[in-house]
Visitor: 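Shown below is the structure under consideration.
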2 protein chains.
Amino acid sequence: MTIGEIAKLAGVAKSTVSRYLNGGSVGVATRLKLERVIKETGYVPNTFARSLKAKKTNIIGTIVPRLNSYAATQTLIGIDEELREQGYQLLISNTSQNLDREIESIYSLENQKIAGIILLATQITDEHLDAFQKVDVPVLLVGQQHEQCYSLIHDDETAGYEIGKYVLSQGHRKIAFVGVTENDIAVGVKRKRGFQKAIQEEKECEVTYFETSFNLKEAIKKFPSIMEAYKPSIFVCATDNIALGILKAAQMEGLNVPRDLSITGFGGYEVTEVIHPGITTAKFFYQEAGELAAKKIVKLVNGEEVAKVTVSNFDIILRNSVDSLI
Amino acid sequence: MTIGEIAKLAGVAKSTVSRYLNGGSVGVATRLKLERVIKETGYVPNTFARSLKAKKTNIIGTIVPRLNSYAATQTLIGIDEELREQGYQLLISNTSQNLDREIESIYSLENQKIAGIILLATQITDEHLDAFQKVDVPVLLVGQQHEQCYSLIHDDETAGYEIGKYVLSQGHRKIAFVGVTENDIAVGVKRKRGFQKAIQEEKECEVTYFETSFNLKEAIKKFPSIMEAYKPSIFVCATDNIALGILKAAQMEGLNVPRDLSITGFGGYEVTEVIHPGITTAKFFYQEAGELAAKKIVKLVNGEEVAKVTVSNFDIILRNSVDSLI
DNA sequence: CTGAAAGCGCTTACAG
DNA sequence: CTGAAAGCGCTTACAG
């Protein structure tokens, strides 16, 4: 089925069919005829021919560092749902945490004439900025922020602040903060900064900062040395994964959480609710953020005006991993 | 940059460039010139023009019921990696567990001229079979099997058998098997069947079968009634999610796992290792299965001969959620 | 091995 | 509102 056959069946010109298909104005008689013929034949336009000519598609490419992450998949689900509603299609490009592949993906998506790019970002390097400029396609950062880019971020700093406040309110005064590399601004810098702000409002409080990776097992390994050297009453972990690792390590040593040791996380991963004890955490709304991101990139694609940065919400979820020392 | 410009720069005809690009035979002088020009210009062929003419792409569409599942994402990762190596591209189509959308996706992928379809299947209905026939595109089922289809499955039945054997070997003789709907052949039927086979080899053993959904929270809810009515020494759960739910429920009631109650799962989800106690489970190799699937669909696309059904391996992972009653 | 030409299925000025 | 024609960037017989 091609546009030519439809034209013949309806007794009009190809250009008229095309106009009808693209919402142009056609006479009512023509419209009726076309409607009928297209329905009867089940005609669907050929995407390639269309894209070849129009030089663009209705595809939004999303670059994601990894597929096996709660945050990533939830965000993708949100993007997917919203894009579908808006008549766009999602193309996922997984980079397996390889920054080079991230750059490649930007160019290769452009080559595929996608309408816009959403990048679930971890770090923004100069190569990224370079690529963004060169490709001449709207780009939206999710999870990280950069002055030169549109972005949608989580409120990491406020979340860090409120976690800090809560921990203090429960009487904890000897705290181990387990963070990650400062290369990751959102997770490594902002969450910590918010937390520190809360701490500064409290006179007597001892905090030691540790750094680990995003890897759960590494957190498990780190635990004994921290515990031995410092003996905090609570571990404030920069991600739920780290919190899970600390919890596992503590339980393996026969400690009772929260009686012997308290733990908090960030993220609101599903597991933190299912595990025993449930972990107190700052829950981000990844799926909702994905929807917001989809809306924003579509506007960007259509040349509409949008805020440079959108901030997605969070909730502090109180569960049983924090003991009250009061 | 188009093929025409390259042709001009190299002083040859467009058709020669095309032939060079597609691995056809060209004279060595031409080859050298073309190589240089293409490198210098950074020319990349336009996918749409190519697909329009060639009427097919090097894209493999994968239909997945949900993105937020360990099994699904691990399988996707495997597919993605392998496809990339083979020079194919992955297009993910998420259906949010909506069977209708699954059917739609099949047709819509065909419309996009993808080379082949991988379906991470749950159920195969007549509509599926219908669609498979109509689309005239190679289809590979992953996770479920059907006589009319090529498929890659996990060894659910043997896994069920070995879990059964192990449970019996630890002295358990009063067992609650918590399964799922028999609409899902792999999970609902085969795992149970394998388990039953093991049970039949043991004279004195009491088993009661319960059914729940794939939803973790529903398992939590089911727990008290089962416990009260039956009081088993062990819960054999048809999925790790169910096992996690049972574990959570047990711990909420103050029971000690495995001292007061034992639990096993199926799947080998990452959480089952991280949680305390670790859950004894049949681990499937999802990523590896994804790679196998990718290899198989590529062969299918190329018209090579492949086995109707491929079986992916599993391992029984012994952890601390099962008490020895001996 | 190489080239000229037709054609894939659309869209887009342009004329009417 | 409608149609004829050119063209998007490639591939594919066909001839040489």
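Within every chain, numbering begins at 1; the chains are lettered A, B, ... in the order of the sequence lines, protein sequences first and strands thereafter.
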Visitor: Is Glu81(B) salt-bridged to Arg101(A), going by a charged N under 4.0 Å from an acidic O?
Guide: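 Looking at Arg101(A) together with Glu81(B), the answer is yes, because their closest N to O distance falls below 4.0 Å.
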Visitor: Reckon Ser51(B) touches a base, only the sugar-phosphate, or nothing at all at heavy-atom distances under 4.0 Å?
Guide: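 Here Ser51(B) touches no strand at all.
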Visitor: Is Thr16(A) close enough to dG3(D) that one of its side-chain N or O atoms is under 4.0 Å from OP1 or OP2 there?
Guide: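 Answer yes for this pair, as a side-chain N or O of Thr16(A) is under 4.0 Å from OP1 or OP2.
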Visitor: Parallel, tilted or perpendicular, judged at 30° and 60°: which one describes the rings of Tyr286(B) and Tyr269(B)?
Guide: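 Perpendicular.
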Visitor: What's Val12(A) touching, base or sugar-phosphate or nothing? Going by heavy atoms closer than 4.0 Å.
Guide: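 Sugar-phosphate, no base atom in range.
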Visitor: Do any side-chain nitrogens or oxygens of Ser15(B) fall under 4.0 Å of OP1 or OP2 in dG3(C)?
Guide: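 For Ser15(B), the contact criterion (side-chain N or O under 4.0 Å from OP1 or OP2 of dG3(C)) is not met.
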Visitor: Under 4.0 angstrom, heavy atoms only, what part of the nucleic acid is Tyr43(A) near: base, sugar-phosphate, or nothing?
Guide: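 Since only primed, P, OP1 and OP2 atoms lie under 4.0 Å of Tyr43(A), the category is sugar-phosphate.
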Visitor: Could you grab the distance from atom CG of Asn302(A) to atom CD of Gln86(A), nearest 0.5 Å is fine?
Guide: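 Answer rounded to 0.5 Å: 8.5 Å.
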Visitor: What's the closest nucleotide to the side chain of Lys14(A) if the choices are dC1(D), dC10(C), dT2(C)?
Guide: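 Of the options given, the side chain of Lys14(A) lies nearest dC10(C).
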Visitor: Reckon Arg19(B) has a side-chain N or O less than 4.0 Å from the OP1 or OP2 of dC1(C)?
Guide: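 Checking Arg19(B) against dC1(C): no side-chain N or O falls below 4.0 Å of OP1 or OP2.
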Visitor: Supply the atom-to-atom distance Ile153(B) CD1 to His146(B) NE2, rounded to the nearest 0.5 angstrom.
Guide: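 NE2 of His146(B) is found 13.5 Å from CD1 of Ile153(B).
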Visitor: Does Thr2(A) reach a base, just sugar-phosphate, or nothing at all? Heavy atoms under 4.0 Å.
Guide: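 Contact class for Thr2(A): sugar-phosphate only.
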